[in-house]
Amino acid sequence: MKLITGLVAVSALALSSQAFSATPLVDVNWVKQHSCDDNVRVLDIRNALDGGSRSAYLKGHIPCAVYTDYLKGGWRTMVEKVPGQLPPTEKIAKLIGDLGIDNNTHVVIYHHGKNALDLGSATRTYFTFKVLGHDNVSILNGGYLAYASDKKNKIEKGNNKPEAKTFNATLQKDMLADAGDVQSAISDASTELVDMRPAHQFIGINRHPKSKRNGTIPTSKNLPESWITVNGGGMMRSKAELAKLYALAGGDPNAKQINYCNTGHWATLGWFVSSEVMGNKDAKMYDGSMVEWSAKADLPMDSQVKM
């Protein structure tokens with residue numbers, strides 16, 4: 001009897017460990033099996049960037065998913081006139097706890113799934129959990145469109161309001177780069193700067209509305225955000241394909257690396273590929289990115305064309 005009881009306990013422990021094992025990406029089949037598990041919290045982050053909203057969530061979402069607006073829900077804030085920055089740790093921790101998430105919860109994030117911009121919302125939210133010390137987090141590859149494309153998959157309507165929990169955050173400062181780190185990287189051949197913006201911004205033809213100057217940071221490699229997803233859609237490319245694209249851009253996904261864009265949105269796509277897909281834990285993200293950098297007149301920039 002003791003042996004049987006022991007085997008049952010070991011089996012239960014194995015199942016529990018499996019349930020809590022978070023991979024960076026999960027597929028639709030995984031979500032179908034686990035979205036309502038007690039230890040899982042699925043977050044619907046559809047927002048105005050991808051044409052989504054709370055009303056879209058109410059009309060239909062993955063079973064047991066909880067809604068949080070990526071743009072307006074408090075995930076990002078204005079810091080010294082730079083939009084979209086990481087909020088104070090205590091504020092973001094309360095936001096997470098209010099979504100029914102504690103430090104034992106496996107968080108699964110899904111975006112709309114239309115393009116790389118959508119996936120950037122998911123990687124930015126994923127990065128936020130990671131930088132707060134929560135490793136038990138995943139992204140639904142392909143987002144809501146991948147799930148809803150199979151008409152046999154259950155769609156739930158209405159609102160899910162979870163009971164608030166306590167989420168304890170510990171900021172992982174080594175995952176973040178600032179302007180000083182970027183300055184050092186310009187003259188440090190062992191550290192790559194990866195500009196995740198579209199090529200027309202990298203070259204200097206156009207710029208973000210809040211950027212002060214055209215061009216890019218000297219020595220940067222350009223890996224446009226649209227390269228990261230299959231045909232520019234919401235599905236992440238394979239590791240092998242991504243390695244080819246890094247090579248095409250002249251970069252090394254295994255090198256010490258600082259990813260940036262305009263305000264730290266697309267930058268997390270690059271960080272996710274390097275850190276979570278390629279396994280490069282020397283990858284960092286520059287949150288202030290080009291909006292902050294270009295506003296400081298003493299910081300250098302390169303432009304291939306003067307407009």
Side-chain angles (χ1 to χ4, degrees), residues 22-27 109 111 115-131 135 137-143 172-179 181-199 201-203 216-290 293 302:
T23 57
L25 294 168
V26 296
D27 60 19
I109 303 157
H111 53 300
N115 53 34
L117 186 67
D118 295 356
L119 181 54
S121 298
T123 56
R124 173 71 197 207
T125 308
Y126 178 103
F127 178 86
T128 301
F129 278 98
K130 284 279 187 170
V131 83
D135 292 329
V137 58
S138 306
I139 292 172
L140 170 58
N141 201 11
Q172 310 297 302
K173 295 181 180 179
D174 59 329
M175 293 172 60
L176 292 163
D178 59 20
D181 296 321
V182 175
Q183 280 184 290
S184 297
I186 293 174
S187 57
D188 178 7
S190 67
T191 301
E192 288 191 350
L193 295 173
V194 183
D195 187 339
M196 297 299 300
R197 298 175 303 155
Q201 293 185 359
F202 174 79
I203 291 169
T216 191
I217 300 172
T219 75
S220 295
K221 310 292 185 182
N222 185 213
L223 188 68
E225 90 296 339
S226 60
W227 289 16
I228 302 300
T229 60
V230 178
N231 291 327
M235 188 75 69
M236 179 76 69
R237 289 189 181 276
S238 69
K239 182 176 180 178
E241 289 179 332
L242 291 166
K244 290 180 181 178
L245 295 176
Y246 266 93
L248 181 63
D252 179 1
N254 298 310
K256 290 182 180 178
Q257 187 184 93
I258 298 175
N259 295 271
Y260 70 93
C261 56
N262 288 307
T263 62
H265 179 98
W266 288 326
T268 60
L269 273 173
W271 170 86
F272 185 92
V273 169
S274 293
S275 174
E276 308 303 277
V277 178
M278 301 293 187
N280 178 9
K281 299 309 175 183
D282 285 326
K284 297 186 178 185
M285 198 274 291
Y286 174 28
D287 205 10
S289 283
M290 189 54 66
W293 184 271
D302 284 344

Practice task
State whether Lys130 and Asp135 are salt-bridged, where the test is any N-O pair (Lys NZ or Arg NE/NH1/NH2 against Asp/Glu carboxylate O) under 4.0 Å.
Solution key: yes

Handout entry: For Ser226 against Ala116, the heavy-atom pair lying closest together
Key = CA-CB, 4.2 Å

Exercise for the section: Could you pull out all residues at least two apart from Lys221 that satisfy salt bridge (charged side-chain N to carboxylate O under 4.0 Å, His left out)? Expected result: none

Exercise for the section: State whether a side-chain donor-acceptor pair under 3.5 Å links Asp188 with Thr191. Expected result: yes

Fill in the blank from the handout: Tightest non-hydrogen contact, residues Thr216 and Met290, listed as CA-CE, 3.9 Å

Exercise for the section: For Ala243, check side-chain contact (heavy atoms from CB on, under 4.5 Å) against everything at least two apart and list the hits. Expected result: Met278

Completion exercise
For Pro224 and Ala199, the nearest pair of non-hydrogen atoms, with its separation, is CG-N, 4.3 Å

Practice task
Not counting sequence neighbours, which residues clear ring pair (Phe, Tyr, Trp, His ring centres under 6.0 Å) with Phe272? List them please.
Solution key: Tyr126

Practice task
State, without any angle test, whether Gln183 and Asp181 hold a side-chain donor-acceptor pair at a distance under 3.5 Å.
Solution key: no

Practice task
Go through Val26 and Asn141 one step at a time and tell me if the side chain to side chain contact (heavy atoms under 4.5 Å, CB included) criterion holds.
Solution key: CA-CA 6 Å; Val26 296; Asn141 201 11; over 6 Å; no

Practice task
Dump the intermediate steps for side chain to side chain contact (heavy atoms under 4.5 Å, CB included) on Val182 and Ile217, then the final yes or no.
Solution key: CA-CA 9 Å; Val182 175; Ile217 300 172; 3.8 Å; yes

Problem - Side-chain donor-acceptor pair present, Gln201, Asn262, cut-off under 3.5 Å - result: yes

Handout entry: Test: Lys239 and Glu276 ion pair at under 4.0 Å
Key = no

Problem - Qualifying residues under side-chain hydrogen bond (donor to acceptor under 3.5 Å, both in side chains), relative to Lys244, sequence neighbours excluded - result: none

Practice task
Kindly indicate, with the supporting measurements, whether the criterion side chain to side chain contact (heavy atoms under 4.5 Å, CB included) is fulfilled by Leu176 and Val131.
Solution key: CA-CA 8 Å; Leu176 292 163; Val131 83; 4.0 Å; yes

Completion exercise
Sequence neighbours excluded, the answer for ring pair (Phe, Tyr, Trp, His ring centres under 6.0 Å) partners of Tyr246 is none

Exercise for the section: Go through the structure and list residues passing side-chain hydrogen bond (donor to acceptor under 3.5 Å, both in side chains) with Thr125, not counting sequence neighbours. Expected result: none

Problem - Nearest atoms (heavy-atom pairs only) where Ser274 meets Gln257 - result: OG-OE1, 2.5 Å

Practice task
Quick one: pull up CG in Asp178 and NZ in Lys284 and give me the separation to the nearest 0.5 Å.
Solution key: 8.5 Å

Fill in the blank from the handout: Nearest heavy-atom approach of Asp252 to Glu192 is N-OE1, 3.0 Å

